[in-house]
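Working notes, beginning with the structure itself.
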Amino acid sequence: MRQVVMEYNRRQFGRVFGTVVGGFALAGWSESLIASTTESYLVRKGDTLWSIANKFGLGVRDLKSQNGLSSSVIHVGQRLRIPGLTSTIRRNIGHPGVKRSKWKRIIVHHSGTAVGDAKSFHNFHKRKMENGLAYHFVICNGSTKTTRDGQIEVGPRWKRQIQGGHVRGLKYNANSVGICLVGNFEKTRPTAKQLDALNKLTQYLHVNLFSKRTTVIGHKDLQGQKTVCPGKYFPLKAYRSRFA
Ligand SMILES: [Zn+2]
C-alpha cells in the first residue's frame, strides 16, 4: 500500500472537503467520545496513589494536583477526584482485541486543515486506501456540526487493530499508532481541549495499554518523512518529554 497523499496535498483536500464532505451523513462507524470527565474514586485497602493513577491512565503528579495532595499518603475511605478519560472511552480503546505488543510507537499528526473530523478524513483517504481513515484516532476541534472541541474519535483501524496509513513506509505504519489533531498547526495552535484530550489518550495508551514500551513522537521526528507535521505551533517538545 502506498503512502497516502494527504500530507502534501492539502489544497486538493480542502476542495474535496468543501464540496463533498458536507453532504455526508454520519454513518456511525467510528465511536465519538468526549474525553474529559471527573469521576470520583473511593480508596480501598491496598491502594496506592500509583496504583490508582495507573488504573485510570493518569500520572501520579496529575492525581496529586487534582486533589490538592502535598504528599503521597492516602487513606482507606478517602474520596479522590479522577480527571481523565471516561470509563466508556477507556473500555472502547482498551477493548479485549487490542494487540498490546504490536504497537511500538505513538505518532501525533495535525490534519493540516482548519476543518474536519474522522468521517471527512475517511471519505478522503478511502479514495487512495482500501481501509479508509489512515489514523487510529482523531481529536476534533469542534469545526464540524457533529463533533465537539476535544472529542476523541476512535477509528475502525484501531477497532480492527490493523496498520495505519499515516506515515511514509509500511515498516512504520505496521506498528505505529496514529493520532491526528484537527487543525493546521503551522498557522494556529491546537485548542486547550484538544491538548487535554491528547494527553489523556496518550497517557492511557502509553501507560495502561503498552506499559510504557512505546515511544511517543511527532510525525516529523520519524526518519525520512519530509514533513513539518504536526506543525510549528504544536508543543512537540513538551509532549515528547511528558511521555519520555
Ligand atoms: Zn503527519
Side-chain angles (χ1 to χ4, degrees), residues 1-17 21 30 103-141 143-144 147 150-158 162-191 194-195 197-199 201-202 205-206 214-244:
M1 188 172 63
R2 291 197 58 216
Q3 153 76 357
V4 70
V5 294
M6 62 191 167
E7 295 292 347
Y8 43 88
N9 204 355
R10 299 294 178 199
R11 203 162 292 165
Q12 187 193 346
F13 176 75
R15 203 159 57 228
V16 169
F17 182 81
V21 174
S30 84
W103 306 109
K104 307 295 181 212
R105 63 187 76 73
I106 295 169
I107 300 179
V108 68
H109 302 263
H110 71 160
S111 67
T113 59
V115 176
D117 56 20
K119 187 67 187 163
S120 64
F121 300 147
H122 173 73
N123 285 321
F124 181 62
H125 293 168
K126 76 180 179 189
R127 302 149 128 223
K128 299 275 180 189
M129 294 183 288
E130 59 174 335
N131 292 310
L133 183 65
Y135 311 108
H136 295 96
F137 300 97
V138 173
I139 299 180
C140 304
N141 61 356
S143 59
T144 64
T147 59
Q151 184 169 334
I152 296 174
E153 294 189 283
V154 183
R157 289 187 195 242
W158 180 252
I162 61 170
Q163 66 187 50
H166 50 97
V167 293
R168 189 181 293 271
L170 185 60
K171 69 171 175 173
Y172 293 129
N173 275 317
N175 54 20
S176 301
V177 177
I179 303 175
C180 176
L181 277 66
V182 180
N184 182 344
F185 306 144
E186 281 289 297
K187 292 182 179 165
T188 59
R189 290 170 206 287
T191 70
Q194 280 183 300
L195 289 177
L198 175 66
N199 284 330
L201 174 60
T202 308
L205 292 169
H206 181 61
T214 41
T215 51
V216 175
I217 59 172
H219 186 183
K220 67 184 173 188
D221 295 325
L222 201 60
Q223 241 182 349
Q225 297 292 308
K226 293 183 182 139
T227 178
V228 296
C229 177
K232 64 186 173 195
Y233 293 119
F234 178 84
L236 189 52
K237 248 188 201 169
Y239 177 66
R240 274 193 318 237
S241 65
R242 187 182 174 114
F243 299 105

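Counting starts at 1 for both ligands and their atoms, following the listed order. When a residue number appears, it is its place in the shown sequence, counting from 1. Note: hydrogens, waters and symmetry copies are ignored here, and every other heavy atom, side chains too, is used.
In this structure, His166 has its ring center no closer than 6.0 Å to that of Tyr172. Note: His136 and Trp103 meet the aromatic proximity criterion, with ring centroids under 6.0 Å apart. No close placement of the His110 and Phe234 rings is indicated, their centers lying 6.0 Å or farther apart.
Looking only at its N/O/S atoms, His109 has ND1 as the one nearest to the Zn ion (ligand 1). Its N, O or S atom nearest to the Zn ion (ligand 1) is what matters here, and for His219 that atom is ND1.
Interatomic distance, Ile106 CD1 to Arg240 CZ, rounded to the nearest 0.5 Å: 14.5 Å.
At a threshold of 2.8 Å, the Zn ion (ligand 1) has a backbone or side-chain N, O or S atom of Cys229 nearer than that distance.
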